[in-house]
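For reference, the structure is listed below as structure tokens.
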Amino acid sequence: MMTFMILSPGIAMTTQIIRAVCPHDCPDTCALLVTVKDGVATEVKGDPLHPTTAGVLCTKVARYTERTYHPDRLLTPLKRVGKKGEGKFVAISWEEAITTIAQRLQKIAAKNPLAIVPYSYAGTMGLVQGESMAGRFFNKLGASFLDRTICASAGGAGYAYTLGDRIGTDVEQTQNARLIIIWGGNPIASNLHFWTRVQEAKRSGAKIIAIDPYRSLSAEKCHQHIALMPGTDAALALGMMHVLISEDWLDHDYVTNYTLGFEQLKQRMAEWTPERVAEVCGITSEEVINLARDYGATAKRGEPSLIRMNYGVQRVHGGGMAVRNISCLPALVGAWRHAAGGVLLSSSGGFVKNTARLQGTALFPQAGAQRTINMTTIGDDLLRESSAEFGPQIEALIVYNSNPVAIAPDSSKVAQGFAREDLFTVVLEHFQTDTADYADIVLPATTQLEHVDAHATYGHRYMMANNAAVAPMGEAKPNTEIFRLLAKAMGFTEPCFAESDDELGAQAFNFDHERTRHTNWEQLKQQGWSKLVMPEVPFARGQFSTPSGRCEFFSQQMLDDGLDPLPTYIPPYESPASNPSLAAKYPLAMISPPARNFLNSTFVNVQSLRDTEGEPHLDMHPQDAATRGITQGDRVRIFNDRGSFEAQVRLTDKARAGLVVGLSIWWKKFARDGKNVNELTNQRTTDMGGGPTFYDVLVQVEKV
């Protein structure tokens with residue numbers, strides 16, 4: 001922290017520069033410098049000394065003061081006075097709010113605490129304001145567990161079966177790769193600092209290939225774009241393996257010494273000819289062959305090739321298998337021999353966190369039954385009655401760091417569940433979101449500029465500390481303080497409930513580990529960030545954290561878990577090939593990737609960002625529009641058996657024929673019809689990891 005004085009005639013202003021961290025669900029996890037003048041945050045900039053941030057922020061976070069000082073900030077506790085969903089509230093005191101919540105939870109817990117469910121995700125990625133004190137509270141209470149699957153669980157499972165921990169190529173090596181495959185992502189919108197390094201690699205002669213059903217802003221700037229159909233990425237990876245093996249682009253030494261199950265893989269891959277793959281993916285066999293040859297030839301030249309996977313790959317029925325298949329590719333050609341080679345899905349496995357201590361897992365009653373609710377299926381689960389199979393009906397829901405009425409799949413069922421008059425709902429929030437409209441009690445939470453936090457990341461290798469830059473606005477309180485107050489009101493007396501945010505931050509990482517012992521919490525707060533001590537080339541000599549210590553083409557763990565132990569293809573739930581009768585009614589595939597100016601449902605209420613996006617729109621290929629009598633700018637209804645929403649059409653060949661794209665996620669209250677794309681998505685889960693299938697959807701489109 002730096003402090004200095006600015007002298008004006010008759011006025012002395014104190015100006016400070018506070019080290020902070022972007023808290024949002026993005027792999028970049030930027031280091032921030034917050035300028036504070038006389039207690040007011042006036043500017044947020046990227047730290048120029050942080051190697052991945054390099055002084056640059058996205059348009060969203062560069063306007064973070066607009067979020068903190070937004071005129072619609074929730075600044076007092078609120079109690080519902082209208083019907084659920086109407087959003088009518090009156091202000092109450094903190095004492096009344098906490099007392100009301102504690103009394104309701106005590107009454108429910110006396111019957112069965114499993115009827116109480118927390119619902120949270122990555123509204124903040126912080127380890128302190130995320131699940132520390134909240135985890136302790138719900139564990140002590142004996143509440144149901146929440147399986148936090150809504151984003152990354154399928155890919156994480158597929159990656160773990162194949163390579164072990166979620167460790168991959170260091171993003172700081174990206175510019176040294178000679179071939180970069182961006183698979184299922186749009187980094188201009190969702191991974192900006194990786195994209196900066198991609199551009200540097202491109203300027204020095206690297207070839208850049210995008211694999212994505214949609215020609216995104218990033219795909220437009222690549223040398224090649226392969227527009228496969230949604231849910232077929234696993235098949236494309238199988239086709240690449242077929243060509244690599246049949247044409248002998250292999251690194252035989254690496255395969256022999258550092259992989260398991262190659263002979264079985266070879267036999268399986270013989271089935272996946274380029275012609276078969278092309279038919280499945282809706283591309284040409286030449287695209288399959290040339291992609292594999294580019295990949296294999298780069299390795300044969302002794303040059304690094306990097307695959308950057310993102311989460312679009314996994315949001316389909318076979319999403320976990322798709323990530324597994326892609327993760328096999330670097331080992332076949334020996335790409336892991338290079339610091340800039342290999343694959344990056346997530347770097348989160350490199351961080352050594354004290355999760356059990358931080359979240360108080362030992363507080364859960366030893367004799368208590370356990371129940372896990374998958375956050376992806378919250379729509380169905382809120383509508384379930386008590387049963388032997390399900391357990392008690394959900395009677396109380398505590399929502400923090402999430403906006404499920406907008407972001408959870410099969411949204412009409414989610415809203416129906418939240419509308420239950422017998423469901424006691426508490427929402428911790430900055431703004432009156434779609435979900436807050438259904439709350440019985442709304443509690444005002446602090447933003448990142450107003451509290452302390454510790455951060456791991458999933459896109460680079462830096463531990464990070466967030467210092468509070470300004471005092472909380474109004475009566476807003478950090479999540480941690482809210483759960484401390486609730487714990488006290490519930491009569492929880494364990495010393496862990498009295499620990500400060502600073503003490504929680506000091507517990508977040510295991511500073512005795514070889515990756516982290518070079519620093520400590522106090523140093524981290526002063527510097528803002530510190531890099532993990534890890535090998536520059538993580539798998540040059542194997543050393544994977546799988547049971548065998550090798551890259552597992554054959555996985556005994558998968559076999560034991562009832563899965564195919566070899567790479568394979570799992571078709572989508574909803575596609576013309578896998579479900580022709582459904583496709584006869586709803587012939588168009590739909591995906592809903594993030595809009596550039598939103599981050600999931602965060603920032604949608606910032607007027608300047610929403611103005612940039614305009615209104616909800618649907619990108620549609622002119623050929624598909626013409627057969628439906630739809631022209632540019634028409635208002636259309638997009639629908640299937642689950643529901644419908646309306647949007648304005650943009651005719652473009654960015655969306656391949658047979659595909660429509662609804663960039664998301666809009667708050668429903670900002671849409672003309674009060675709905676968003678999740679009216680159409682389904683609650684079916686992925687092949688592994690229990691993840692959502694947001695991009696596994698068939699729809700029809702008609703002119704309004």
#### Entry: F424/I441 under side-chain contact (heavy atoms from CB on, under 4.5 Å): CA gap, chis, key distance, verdict
CA-CA 9 Å; F424 180 62; I441 302 288; 4.3 Å; yes
Under 3.5 Å donor-acceptor pairs involving side-chain atoms of residues 616-624, not counting sequence neighbours:
residue : atom : partner : partner atom : Å
H617    : ND1  : E615    : O            : 3.1
H617    : NE2  : R650    : NH1          : 3.2
H617    : NE2  : R650    : NH2          : 3.0
D619    : OD1  : R650    : NE           : 2.7
D619    : OD1  : R650    : NH2          : 3.0
D619    : OD2  : Y214    : OH           : 2.5
D619    : OD2  : R650    : NH2          : 3.1
H621    : ND1  : Q623    : N            : 3.0
D624    : OD2  : G658    : N            : 2.7

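- With a 6.0 Å cutoff to the six-membered ring centre and a 45° limit on the axis angle, R315 does not count as a cation-pi contact of F694.
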### From CA spacing to verdict: salt bridge (charged side-chain N to carboxylate O under 4.0 Å, His left out), E131, R148
CA-CA 11 Å; E131 303 303 332; R148 293 175 171 86; 3.2 Å; yes
Please output the side-chain donor-acceptor pairs of residues 154-162 that fall under 3.5 Å, not counting sequence neighbours, one pair per line with the distance.
residue : atom : partner : partner atom : Å
Y159    : OH   : I167    : O            : 2.7
Y161    : OH   : D561    : OD2          : 2.6
T162    : OG1  : G158    : O            : 2.9
T162    : OG1  : R324    : NH1          : 2.9

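- Counted by atom type alone, T435 and N403 present one or more donor-acceptor pairs between their side chains at under 3.5 Å.
- Under the side-chain contact (heavy atoms from CB on, under 4.5 Å) criterion, T377 pairs with N374, D381, Q683, T685, sequence neighbours left out.
- E574 meets the salt bridge (Lys or Arg N to Asp or Glu O under 4.0 Å) test with R642; sequence neighbours excluded.
- Note on ring orientation: taking the six-membered ring where Trp is involved, the planes of Y400 and F483 are perpendicular (angle over 60°, cut-offs 30° and 60°).
- In summary, E395 and K111 engage in a salt bridge, as defined by a charged side-chain N under 4.0 Å from a carboxylate O.
- For the pair R276 and Y569, the cation-pi criterion (under 6.0 Å, within 45° of the ring axis) is not fulfilled.
- Side-chain contact check for L192 versus P187: every heavy-atom pair is 4.5 Å or farther apart.
- Looking at residues two or more places apart in sequence or on another chain, you find a side-chain contact (heavy atoms from CB on, under 4.5 Å) between V316 and Y695, D696.
- Rounding to the nearest 0.5 Å gives a distance of 9.0 Å between CE of M688 and CG of D564.
- Using a 4.0 Å cut-off between a side-chain N of Lys or Arg and a carboxylate O of Asp or Glu, K668 and E679 qualify as a salt bridge.
- In this structure, K675 has no salt bridge (Lys or Arg N to Asp or Glu O under 4.0 Å) partners at least two apart in sequence or on a different chain.
- The closest side-chain donor-acceptor pair between S581 and N579 falls under 3.5 angstrom.
- Salt bridge present: D440 and K84 bring a charged side-chain N and a carboxylate O closer than 4.0 Å.
- With a 6.0 Å radius and a threshold of 12 heavy atoms from other residues, nucleotides or ligands, E279 has its CD atom at or below the threshold.
- At a cut-off of 3.5 Å, with distance as the only test, no side-chain donor of D25 or Y121 sits close to an acceptor on the other residue.
- For the pair P118 and S144, the tightest heavy-atom approach, listed with the atom from each and the gap, is CD-O, 3.2 Å.
- Relative to the six-membered ring of F194, R308 meets both conditions, a distance below 6.0 Å and an angle of at most 45° to the axis.
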### Task
Show your reasoning for whether side-chain contact (heavy atoms from CB on, under 4.5 Å) applies to L236 and L291.
CA-CA 10 Å; L236 180 54; L291 176 63; 4.1 Å; yes
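- Smallest separation of non-hydrogen atoms from I407 and S402: CD1-OG, 4.1 Å.
- Side-chain N/O atoms of N682 and T693 include a donor and acceptor closer than 3.5 Å.
- For the 3.5 Å distance criterion, the side chains of D410 and N678 fail to qualify, holding no donor opposite an acceptor.
- Cation-pi geometry between R684 and Y573 is met: under 6.0 angstrom from the ring centre, within 45 degrees of the axis.
- A cation-pi geometry, defined here as NZ or CZ lying under 6.0 Å from the six-membered ring centre and within 45° of its normal, does not hold between R637 and F645.
- At a threshold of 4.0 Å, the pair D437-K88 does not count as salt-bridged, since none of the basic side-chain nitrogens sits closer than that to a carboxylate oxygen.
- Checking W183 against N310 by side-chain atom types alone, no donor-acceptor pair falls below 3.5 Å.
- Looking only at distances, a side-chain donor or acceptor of N325 sits under 3.5 Å from a matching main-chain atom of A234.
- For R628 and E702, the salt-bridge test fails: no basic side-chain N is under 4.0 Å from an acidic carboxylate O.
- Of all heavy-atom pairs spanning D673 and R635, the tightest one is N-NH2, 4.4 Å.
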